[in-house]
Amino acid sequence: MLTLDSKIPDAPIEDAWTFHKNNNLRLVGPKNRPKYKIIVVGSGLAGASAAASMGAMGYNVECFCFQDSPRRAHSIAAQGGINASKNYRNDGDSTWRLFYDTQKGGDYRAREQNVYRLAELSTSIIDQAVSQGVPFAREYGGKLANRSFGGVLVERTFYCRGETGQQLLLGAYSALEEQIAAKKVKMHTRHEMLDLVVVDGRSRGIVVRNLETGEITSHAADAVVLATGGYGNVFYLSTNAKGCNVTANFRAYRKGAGFANPCFTQIHPTSIPASGDYQSKLTLMSESLRNDGRIWVPRDPDEKRAPRDIPEDDRYYYLEERYPRFGNLVPRDVAARNAKDVCDQGLGVGPTGYGVYLDFAAAIEEKGIDAVKSKYANLFEMYQRITDDDPVETPMRIYPAVHYTMGGLWVDYNLMTNIPGLYAVGESNFADHGANRLGASSLMQCLADGYFIIPVTIGDFLSRHESGEITTDHPAFQETETAVKERINKLLAVKGTRSAQSFHRELGKIMWEHCGISRNKESLEEGLRKIPALREEFWRDLKLPGNPDELNQSLEHAGRVLDFLDFGELMCRDALLRDESCGCHFREEHQTPEGEAERNDEEYAFVSVFEYKGEGIEPELNKEPLSFDALPLAARNYKT
């Protein structure tokens with residue numbers, strides 16, 4: 001049984017973070033910070049901002065990423081924007097309203113105190129980014145522009161057209177490069193973490209593989225910060241970069257870190273639909289498009305006319321009709337389920353029947369083509385390049401796709417896992433979004449964790465321990481290296497006939513069919529039978545070319561697929577045990593007469609935290625009860 005001490009401050013929620021910093025956290029003085037070494041795994045927004053901030057404070061930081069540059073982290077792909085309660089629109093926004101929208105959007109399955117802190121820090125993130133020169137869109141008079149995103153009734157999203165993640169990452173990257181030049185951060189590109197080293201119950205370092213040479217090396221530190229992103233690629237087809245994986249987090253889980261809410265997976269409603277079995281990934285179309293685009297399908301399932309030839313009376317604007325108050329800007333889980341619903345009714349469009357229209361004709365007529373293109377030009381261009389359809393002339397075709405994962409390593413209020421000295425930031429942890437993330441909140445969490453939380457909270461842990469107590473000469477490092485090499489050699493020794501990609505694709509189909517937009521008991525149990533059988537075939541028929549001591553991308557992929565196979569089973573188990581519907585986790589057995597998610601707060605108002613018990617042994621479910629003192633539980637309502 002895990003000990004889950006969330007370290008929530010004993011203070012009113014509005015004052016909790018300030019109280020915690022002033023009364024609960026010990027500090028490390030400037031003269032002592034250089035004595036401590038911190039490893040950061042991952043160089044996206046969370047990792048780069050954390051490494052740069054801690055380096056600037058004086059700590060010695062080593063940052064690892066498997067890309068050839070920190071700039072290639074998947075954070076670069078975020079399009080739509082970043083939320084902050086600046087209230088520049090004077091439309092009633094506030095820290096409290098951002099807290100309320102986020103907690104409601106997550107269907108009340110997140111810690112209140114973490115969510116409020118995120119909302120509280122949101123305004124500082126914008127100030128930080130502007131000071132770095134991030135080119136946010138501006139109004140004619142020079143003020144920063146805002147737009148709306150799903151699940152809210154205000155305009156609080158700051159954006160850089162359709163490339164907000166890229167511009168924010170360039171800001172964090174410039175800060176990181178400054179610390180690299182100052183020799184406070186040592187960057188290790190093209191290195192993949194393959195295991196965590198734990199000594200006497202405490203995280204003491206990592207074992208990595210050089211992806212260019214195959215060399216296995218160990219690195220010791222006083223603390224380790226995982227910023228390795230989400231695990232959406234367990235579904236094979238997702239909007240994530242192909243390299244995104246669960247390995248770092250899953251290796252930490254196997255070393256004793258609790259994994260929280262693994263079944264909470266966000267399906268984004270606006271992605272370009274898959275066009276065939278050969279496809280290897282999906283492309284996101286920003287949620288911001290729902291500000292001006294109207295979503296509809298033909299009312300007649302046998303409709304053959306081109307979309308522009310279908311009159312208004314024959315169009316079903318299903319989100320506007322079902323959710324009149326929020327319309328097309330309902331939260332992502334609601335929009336995704338409704339898209340699946342109309343397609344299941346036979347109303348879907350496109351060659352596969354799994355698509356709906358996103359139409360800009362009304363916005364173009366009202367505002368003019370130049371005004372619409374000024375907001376979405378690069379998104380329109382991206383769509384046209386991929387589909388050869390011009391969204392100015394014909395509606396986009398979109399369909400839900402796996403995009404983000406709310407689950408992650410369990411962390412306390414300080415962002416430390418249950419393994420002392422091991423932290424998780426950004427999408428690597430579970431902390432802020434409950435069962436569904438609102439759009440434009442992922443960048444907010446990454447930068448809140450990296451710039452403002454982890455640099456403060458990590459000092460409390462370090463101040464209680466001497467620096468440099470353990471080096472890579474400790475036997476635990478050699479034991480971990482040996483285990484990593486044995487796992488690699490075992491993969492290469494199978495000598496079967498199937499590629500790792502073929503197993504990954506088959507796993508993805510199992511996950512999508514049995515643990516996708518909607519789930520039910522019978523289907524989840526079938527998934528839990530299929531995945532172990534597929535894993536057995538993997539160990540019997542995997543074919544890997546090449547050697548371990550060279551550039552070998554097939555070997556890299558095989559290791560990640562092996563972890564996905566084990567992790568996919570954990571996801572299905574979590575989804576089966578959580579016998580309720582909440583947010584993205586839609587159990588078909590638990591829905592209202594209107595088809596909305598029906599929570600069971602009496603039995604399931606908790607965080608599911610799984611503890612690894614050993615190979616072939618069922619993991620143990622631990623529960624962190626959730627309290628709702630600031631914001632009482634209520635059924636989500638986006639209709640009235």
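Just so you know, these numbers come straight off a predicted model, no measurement behind them.
The aromatic ring centres of Tyr399 and Tyr354 sit less than 6.0 Å apart. Taking the six-membered ring wherever Trp is involved, the centroid distance between the rings of Phe250 and Tyr253 falls below 6.0 Å.
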Does the side-chain hydrogen bond (donor to acceptor under 3.5 Å, both in side chains) test come out yes or no for Thr270 and Arg290, once each step is laid out?
CA-CA 9 Å; Thr270 53; Arg290 289 198 274 148; 5.2 Å; no

Residues Asn233, His504; criterion side-chain hydrogen bond (donor to acceptor under 3.5 Å, both in side chains); working and verdict:
CA-CA 9 Å; Asn233 276 346; His504 193 179; over 6 Å; no

Quick one, Asn261 with Arg109, criterion side-chain hydrogen bond (donor to acceptor under 3.5 Å, both in side chains). Give me CA distance, side-chain angles, the key distance, then yes/no.
CA-CA 10 Å; Asn261 298 334; Arg109 289 296 177 261; over 6 Å; no

Worked check of salt bridge (charged side-chain N to carboxylate O under 4.0 Å, His left out) between Lys639 and Glu594
CA-CA 11 Å; Lys639 295 184 177 182; Glu594 295 81 23; 5.1 Å; no

Given the rule in the side-chain contact (heavy atoms from CB on, under 4.5 Å) test, do Asp341 and Arg337 qualify, once you have shown the distances and angles that lead to the verdict?
CA-CA 6 Å; Asp341 178 57; Arg337 277 198 300 274; over 6 Å; no

Can Glu580 and Asn600 be said to form a side-chain hydrogen bond (donor to acceptor under 3.5 Å, both in side chains), step by step?
CA-CA 6 Å; Glu580 66 161 353; Asn600 180 349; over 6 Å; no

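Cation-pi geometry between Arg254 and Phe259 is not met at under 6.0 angstrom from the ring centre and within 45 degrees of the axis. In this structure, Arg332 forms no cation-pi arrangement with Tyr404, as its terminal cationic atom is not both closer than 6.0 Å to the ring centre and no more than 45° off the ring axis. For Arg560 and Phe66, the positive end sits near the middle of the six-membered ring, less than 6.0 Å away and at most 45° from its axis.
Taking the side chain as every heavy atom from C-beta outward, Ser75 and Leu168 never approach each other to under 4.5 Å. Contact annotation: the side chain of Asp563 never approaches that of Asn245 to less than 4.5 Å [non-hydrogen atoms, C-beta and beyond]. Using a 4.5 Å heavy-atom cutoff, the side chains of Thr265 and Met571 are in contact. Counting only heavy atoms from C-beta outward, the side chains of Cys582 and Phe264 approach each other to under 4.5 Å. For the pair Asn338 and Leu319, the minimum side-chain heavy-atom distance is below 4.5 Å. Contact of the Phe430 side chain with the Asn114 side chain is not registered, since no non-hydrogen atoms from C-beta on lie closer than 4.5 Å.
Inspection of the Glu427 and Thr405 side chains reveals an N or O donor paired with an N or O acceptor under 3.5 Å. No side-chain N or O of Tyr116 forms a donor-acceptor pair with one of Gln103 less than 3.5 Å apart.
Of the residues Phe564, Trp539, Phe538, the one that meets the ring-ring contact (aromatic ring centres under 6.0 Å, His included) test with Phe503 is Phe538. When each of Glu513, His514, His585 is checked for a side-chain hydrogen bond (donor to acceptor under 3.5 Å, both in side chains) with Arg519, only His585 meets the rule.
One finds no salt bridge joining Asp579 and Lys521 here, because no Lys/Arg side-chain nitrogen approaches an Asp/Glu carboxylate oxygen to under 4.0 Å. In this structure, Glu569 pairs ionically with Arg573, as a charged nitrogen and a carboxylate oxygen lie closer than 4.0 Å. Electrostatic pairing of Asp460 and Lys7 does not count as a salt bridge here, judged by no charged N lying under 4.0 Å from a carboxylate O.
Within a 6.0 Å sphere centred on CG of Asn23, other residues, nucleotides and ligands contribute more than 12 heavy atoms. By the 6.0 Å contact criterion, CZ on Arg202 is enclosed, its count of non-hydrogen atoms from other residues, nucleotides or ligands being greater than 12. Enclosure of atom CD in Glu522 is not indicated, since only 12 or fewer non-hydrogen atoms of other residues, nucleotides or ligands lie within 6.0 angstrom.
Taking the six-membered ring for Trp and thresholds of 30 and 60 degrees, Tyr604 and Phe606 have ring planes inclined between 30 and 60 degrees apart.
A donor-acceptor pair under 3.5 Å is formed between the side chain of Asn418 and the backbone N or O of Gly256.
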